[in-house]
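Right, one structure below, let's go through it.
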Amino acid sequence: MRHTPHPASPFQHAWAKAPYSDDSIEGDLEGPQWLPLHVHLTDTAEIAGRLCREWLGPGPLDVIAQDVGGPTEAGEIVRLAAAVHDLGKLTPAFAAQVDDLRNHMHANGFPFNGITAAHSRELPHGLAGHVLIHRFLVEAGANDEIATAFAVIIGGHHGVPPTSAQLLQAHHRPDLFGPKEWADARHQLLDYLLTTANLRDALRVATTKKLSDAAQVLITGLVIMADWIASSADHFPLAPRFNPVKTSPHERAEAAWQKLALPRRWQPAPVENLDATELLRSRFTGLQHVTANPVQELAVEAARNMPEPGLLIVEAVMGVGKTEASLLAAEILAAKFGMSGIFYGLPTRATADAMFVRITRWLEQVPDRSGSSVKSLVLRHGTAALNPDLETIPRQWADHPPTFDDAQFSGVGIDENVDDLSSRAIQAVVHSWTSAHKRASLADFTIATVDHQLMAALAARHFVLRQLGLSRQVVVLDEVHAADTWMRTFLLRALEWLARLRVPVIALSATLAPELRRELVQAYERGRRAGLPPPAVPKVQPRPAGRLKHSKPPIHQVDDTPLPEPLVTDDYPLLTTLAAGQSGHRSATISTSTVEVRVDWLLDPVEHLLNLLKNELADGGCALVVCNTVKRAVERYQALTGTSGWTVTLAHSRFIAADRMRNDAELRADFGPPDADGPAPNPARDRRVVVATQVAEQSLDVDFDLLITDLAPIDLILQRMGRLHRHPRGDTRPTRLRTPRCLITGFDPAAGPIVDPGGKHVYGEHPLLRAACLLTEHVGGKAIRLPGDVPTLVRRAYADEPLRPDEWQQTMDDAAVRDNEARLKVSRNAASGTIQSPGATRSLLSWLPTPGAKTEIDAARQVRQDDGGFEVLLLEQAEDGLRLPHHLETGAPMRIPTDCRPDRVAAKEIARCAVRVPGWVSERHLTEVIAALNENYYPAWQKEPLLAGQWILLLGPDGTAQLGSLRFSYSPTTGLEVSDGRITER
DNA sequence: AACAAAAAAAAA
Ligand SMILES: [Fe+3]
Ligand SMILES: [Fe+3]
């Protein structure tokens, strides 16, 4: 096939890439360079084809195939989109941007008619491309709907699909598209592309087949990915300016692909011949002699029985091997449904860090039919760079000595900018083409905070890349019960999309309220239905009388039979499945040890607490005191420290990361599981009191002899109770503490249905009162059995059934109404930041808010609710410069320079000094605090990714700072405290 | 006078 355009073709003078000559400093004597437009387009088409053939995998390809006829056509349509993605660059509005190149085109017959570089912003080339491709498809016989569905991919190839308003504006500016000479050149270019890249059949598909929203999402993602790779001058060399490129598209792409060296995609092997136990033993080196437990058996069975991609919810307590169960099931599902990787989402960075190591070990054991020993794996969260495991593991899987490319694409990649972008500007440009976060979507295996899954449903720039990445991974979500109302809004929308993209999902959880279980199941089912092929003969909708004349017909015929209802049951552990529209459930009989907790009230005045502890800890032992607010926790900590007879520790989230990590580690060391050879008396547990906020609720595997907790929603109370006699310590516990006891504070049942204002602010009134009612049933009476009683208590707490006492009913009903309204408001606000549901719109047009303000789009919306709090890096101001908080300094004091970029080691130390400032500070004192923090802005630090954009809070040597009227103080034992001077002086 | 915990943030 002839790849060089006819010498007379004017389009060969059009340009796509033109690095400024300043970019090639450092004795680069080659002079200015360029890349002709037609070369960039064939490059991108070649890469897109390779991505489809080698990287994408059958699962997502089939989603596209469903719209266009088959997998071959799917690959072709992707190549077509890639081949024309920058057609909008063949317009005077784009081409006028660089004088040199503009003049060259002008000299070769392209009239500019006064269009200058200043006009380029009025017609971004993506938008121009949308208009041009739409017109071209319509001329080739497509209807408007089909043409728009394809054109919007071109319009959105920079991450934001156009809005209808933008299209309208573009149509009013024909001058920006240029006169006939330009239109002719574009037609010749299209003709050249169709011939050279062999895309005539693809065009026929594009003019006759309507792409669904899901296909639009995936293809846009693929085009962006291909464009990024094809835009790397390191892989696709530029030519001296105005010289033609002589290498053929195929050769260029072949060389680039080699150099890129993407690890071959994971191809899981079918494992039908192994039972759950055999599977378990072969995938986990530490479990050679273990037998699969019922939860693991059921998970494997559920995965094997799934007739099509579906949802599997596993509710079980921590410690029954849910992680193993999820990985076994994930491997089976990946093999069955053509997935090429796994996304493992965790609620916190700390849990993600811990899971990272476990998954790497598992990966070493998992068979791969691709024959490759290199796996592409990424740890994706904000402080992944601080994880020490990353430094030890990377090279393990590299087949060959790691080069820069290896760091990017094979072995372990981390989610951050590469060190030392070096002073050579052109290097920096090359290196950063796939910088950081957005590159991570290429990986087969992702361990991340759930946020990265939720963000797939966030209406923000480049969300299509997240969707594309997830579309080829089995998604496992851990601790889904922990999602609050805000996050749940994103979770459900993201789940609809996963279902639409035919992605199997495994959700792990503690006991779910039946309502949440139902929401998860129905969200997945809605997404699945959105992807069902429309019925052959569309039903004619009878127009209901009185409806607006212009009411639109539904996008396509949707199955309107009722959504499946998962069975409401108190079985536990519980596996709920949903596949092919059918919901099922299985429960396992599993012999976990039961803990019987006796419950009692303890009135608030701190003397009661002191007396209780004096008695109970008389013979030793340890107690956990959980408070609903930091303020209460600090108060109780201080009251307890003033008394002898025990050692007190305080734990909450307002510690700098380094201290928090150390505190957590100490808690695990002192109160964690006993050694495998059996429990021994542990002096660290002797007369210890830990006062904590909700940080003690989750993820920390610790055990206490006695629990005192503020009233909280029942599921959280039960989580806290889970810290009571959690490990087998038998008779090493003091005699009087051998019966597990839980005292509830923050509530006086005799005083009526009145909850503590702090708790009310955090949880709302209604769940607290419901919890109080349920606990009353057990006070002084029968113990709460863990985990057996958990499902019943959780179900009743969130059901409508009235609870005694009857006199509280009215208060509770009123509270329920208020809480519901508040919750509805939160989810409405969250929903304004989500993308559309699958099947709700014909195209991605206007899906994201007005582009142009690119950064605003990214920043203004988020998957976590904004409470006004913000993070600062806490450093000390010494006479001769900055230093780390002095309690962190080991050895020689380290002075931190502010006039140059700190080295990597120092930057990590500084990043570990991050702490969150409570929300009320910014709500009431925003301007004065910002003004004060702004003074500590060091331009030289902004080049360091770990420090860029961070606020710095400087404390004096006494550990305090005055910002306006606010006084900040920090100590490694009590954490960050902020007080308002104007108030305390009164 | 507030009031938990939790996370994130660079193009072709
Ligand atoms: Fe572009
Ligand atoms: Fe491009």
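Here is how names work: the chains are called A, B, and so on, in the same order as the sequence lines, proteins then strands, and each is numbered from 1.
- Neither OP1 nor OP2 of B:dA4 sits under 4.0 Å from any side-chain N or O of A:R916.
- Across all strands shown, A:V450 has no heavy atoms under 4.0 Å from either base or sugar-phosphate atoms.
- Side-chain atoms of A:D867 and base atoms of B:dA6 include a donor and an acceptor less than 3.5 Å apart.
- Rounded to an integer number of Å, the gap from CD of A:Q942 to P of B:dA9 is 16 Å.
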task = Show the numbers, then the answer: is there a side-chain contact (heavy atoms from CB on, under 4.5 Å) between A:R662 and A:F655?
result = CA-CA 10 Å; A:R662 181 175 36 74; A:F655 285 91; over 6 Å; no
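- You'll find that the side chain of A:H452 is closest to B:dA9, out of B:dA9, B:dA6, B:dA4.
- Distance CG/A:L946 to CZ/A:R912: 9.0 Å, rounded to 0.5 Å.
- Note on A:S231: every side-chain N or O is 4.0 Å or more away from OP1 and OP2 of B:dA11.
- Atom P of nucleotide B:dA4 and atom CZ of A:R636 are separated by 15 Å, given to the nearest angstrom.
- In this structure, A:L454 atom CG and B:dA6 atom C1' are separated by 12 Å, rounded to whole Å.
- Rounded to a whole Å, the CZ atom of A:R924 is 4 Å from the P atom of B:dA2.
- A:H157 and A:H125 have tilted rings, their planes meeting at an angle from 30° to 60° on a 0 to 90° scale.
- Judged by closest nucleotide on DNA chain B, A:P918 is the one of A:A350 and A:P918 placed further toward the 5' end.
- In the set B:dA4, B:dA12, B:dA8, the nucleotide with an atom closest to the side chain of A:R654 is B:dA4.
- Between A:M487 atom CE and B:dA7 atom C1' there is a gap of 8 Å when expressed in whole angstrom units.
- Panel note: side chain A:R632, backbone A:T693; no donor-acceptor pair is recorded below 3.5 Å.
- Atom C1' of nucleotide B:dA6 and atom CD of A:Q865 are separated by 12 Å, given to the nearest angstrom.
- The A:H761 side chain lies nearest to B:dC3 when the options are B:dA8, B:dC3, B:dA4.
- A:F94 CZ to A:L123 CG: the interatomic distance, rounded to the nearest 0.5 Å, is 11.0 Å.
- When rounded to the nearest whole Å, the span between CG of A:D866 and P of B:dA6 equals 17 Å.
- In this structure, A:K760 reaches neither bases nor backbone, as no heavy-atom distance under 4.0 Å exists between it and the strands shown.
- We find that CG of A:L966 is positioned 13 Å from P of B:dA1, with the value rounded to whole Å.
- Nearest to the side-chain atoms of A:E871 among the listed nucleotides B:dA7, B:dA12, B:dA9 stands B:dA9.
- Side-chain N/O atoms of A:R461 include one lying less than 4.0 angstrom from OP1 or OP2 on B:dA12.
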